[in-house]
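Here's the structure, in structure tokens; my notes come after.
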Amino acid sequence: MTLWDIILDFDRIFVAFLKVWDCAVLTTKFLEKHAFSPLSLSPSRHDLLKKLHLTSGLYHRPIQVLELGTGTVLLSICLAKMGPNIAVMSTEYGPAVDHLLRNCKRNKMLQPSNASSSAVHTTTLTPGFVNCRELDWYKSTETLLDLFPNKLDTAIIDLIVVTDCTLCEKESRGVLNMICKYGTPNHTIVVAGVCKEREGTKYFVEASKQVFADLFVVPHAIYHEDYQSTRHDVLLIQV
């Protein structure tokens, strides 16, 4: 599966958070190359890069992914297509949620409302689909258990992804709060694509080093060979 196998029919709405940003494409291609892959890694590779090779066999349940500030839902759709047992919760706020739903429906990736839990050991997220919901970083009172309310759910996020959401310090604080709120210490891995030119990026990186167990700036040399950028970094964070 490649990124361009997915034909996205997006509305022609010129709103910043509904644009497909370069950072989202770069991060998607990095994940396509390095996440959920059975390929072995060199022993010299950083531990977080090794941990990114998630496998549902470790958990006997779907790999549960949360995307923050998903915008056009491009990355969430691609993630849901990267393996048969990857379940994605895609989040935005306000009217943007309607566009998440519309784009997922057009790509036949919207989680069915009558999803059964019997085969996959979860009732909230369904592998191979995207669950769209509102999540306001500054007003949300929902806990992790609220995101997984059903009795058969495993209330844990394995991977959090976020791209180009450090426009200012306030945004960076919002992202950090959501990672702390919904990530599980010593378990959840975060993949954050950041634009180095954004006002809030320096704050996000420095604060993450203080708050989280580990932060690794992925060397550009191991990005997808066809998708390179000097303006962006991909960060791996251990909550």
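By convention here, the first residue in the shown sequence is residue 1.
- Hydrophobic clustering (ILVMFWY, side-chain heavy atoms < 4.5 Å, transitive): F129 and V65 are in distinct clusters.
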side-chain contact (heavy atoms from CB on, under 4.5 Å) assessment of V175 paired with T166: CA-CA 8 Å; V175 173; T166 58; 5.6 Å; no
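- Under a 3.5 Å cut-off, the side chain of H53 and the backbone N or O of H34 do form a donor-acceptor pair.
- Two residues are said to be in side-chain contact when any heavy atoms from C-beta on lie closer than 4.5 Å; M82 and V88 fail this criterion.
- Atom OG1 in T28 sits 4.0 Å away from atom CG in L75 (nearest 0.5 Å).
- In this structure, the side chains of L147 and R133 come closer than 4.5 Å at one or more pairs of heavy atoms.
- Listed for the E92 side chain is no donor-acceptor partner under 3.5 Å among the backbone atoms of H99.
- Contact detail for G183 and V239: the closest heavy-atom pair is C-CG1, 4.0 Å.
- For the pair R231 and D164, the salt-bridge criterion is not met [side-chain N within less than 4.0 Å of a carboxylate O].
- Of all heavy-atom pairs between D146 and T141, the closest is OD2-O, 4.1 Å.
- Between F216 and H46, the ring planes are parallel. Angles under 30° get that label, and only those over 60° would be called perpendicular.
- At a threshold of 4.5 Å between side-chain heavy atoms, the hydrophobic network of Ile, Leu, Val, Met, Phe, Trp and Tyr places L79 and L48 in one connected group.
- Between the side chain of K51 and the backbone N or O of Q238, no donor-acceptor pair lies under 3.5 Å.
- The number of heavy atoms from other shown groups lying within 6.0 Å of NZ (K202) does not exceed 12.
- Across every non-hydrogen atom of L236 and F30, the tightest pair is CD2-CE2, 4.2 Å.
- Using a 30° and 60° split on the angle between ring planes, H220 and Y223 fall in the parallel class, below 30°.
- Residue E225 places its CD atom among more than 12 non-hydrogen atoms of other residues, nucleotides or ligands, all under 6.0 Å distant.
- Annotation: side chain of T70 is in contact with side chain of L100 (closest heavy-atom distance under 4.5 Å).
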Residues W137, N177; criterion side-chain contact (heavy atoms from CB on, under 4.5 Å); working and verdict: CA-CA 8 Å; W137 302 344; N177 287 339; over 6 Å; no
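- In this structure, the side chain of E134 engages the main chain of G94 through a donor-acceptor pair within 3.5 Å.
- Judged by distance alone, with hydrogens and angles left aside, the side-chain atoms of S90 form no donor-acceptor pair with the main-chain N or O of V130 at under 3.5 Å.
- Rounding to the nearest 0.5 Å gives a distance of 11.5 Å between CG of L68 and NZ of K181.
- At a threshold of 4.5 Å between non-hydrogen side-chain atoms, the residues I222 and L49 count as touching.
- In this structure, T201 contributes its side chain and C195 its backbone to a donor-acceptor pair below 3.5 Å.
- Interatomic distance, CG of L74 versus CD of E67, reported as 8.5 Å (0.5 Å rounding).
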List the steps, then state whether side-chain contact (heavy atoms from CB on, under 4.5 Å) holds for F212 with L176. CA-CA 10 Å; F212 302 117; L176 288 166; 3.6 Å; yes
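- With rounding to the nearest 0.5 angstrom, the OG atom of S208 is 4.0 Å from the CD1 atom of I237.
- With Y203 as the partner, the side chain to side chain donor-acceptor pair (under 3.5 Å) test is satisfied by one option alone out of R173, R198, E171: R173.
- A salt bridge does not link D226 to K29: none of the charged side-chain nitrogens sits closer than 4.0 Å to a carboxylate oxygen.
- Note: the hydrophobic cluster containing I156 does not contain L66 (ILVMFWY, side chain heavy atoms under 4.5 Å, direct or indirect links).
- Taken to the nearest 0.5 Å, the CD atom of Q111 stands 3.5 Å off from the OG1 atom of T126.
- With hydrogens and angles disregarded, a donor-acceptor distance shorter than 3.5 Å links the side chain of T188 to the backbone of I157.
- In this structure the side chain of M178 never reaches within 4.5 angstrom of the side chain of Y138, judged on heavy atoms.
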Evaluation steps, side-chain contact (heavy atoms from CB on, under 4.5 Å), between L235 and F204: CA-CA 11 Å; L235 312 177; F204 179 82; 4.0 Å; yes
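- The two residues L145 and A155 make their nearest non-hydrogen contact at CD2-CB, 3.6 Å.
- Contact annotation: the side chain of T184 approaches that of L144 to within less than 4.5 Å [non-hydrogen atoms, C-beta and beyond].
- Nearest approach of P84 to P127, heavy atoms of both residues: O-CB, 3.4 Å.
- Taken to the nearest 0.5 Å, the OG1 atom of T91 stands 10.0 Å off from the CG atom of N131.
- Neither L110 nor V73 shares a network with the other; the hydrophobic side chains, linked directly or stepwise wherever heavy atoms of I, L, V, M, F, W or Y lie under 4.5 Å apart, form separate groups for each.
- The same ILVMFWY cluster, assembled from side-chain heavy atoms under 4.5 Å apart, contains both I179 and L215.
- Side-chain contact check for C78 versus K81: every heavy-atom pair is 4.5 Å or farther apart.
- Across every non-hydrogen atom of Y93 and D136, the tightest pair is CB-CA, 4.3 Å.
- Around atom NZ of K170, no more than 12 heavy atoms belonging to other residues, nucleotides or ligands sit under 6.0 Å away.
- Side-chain contact between M89 and T124 is present, with heavy atoms from C-beta onward closer than 4.5 Å.
- Between the side chains of S229 and H232, at least one donor-acceptor pair of N or O atoms lies under 3.5 Å.
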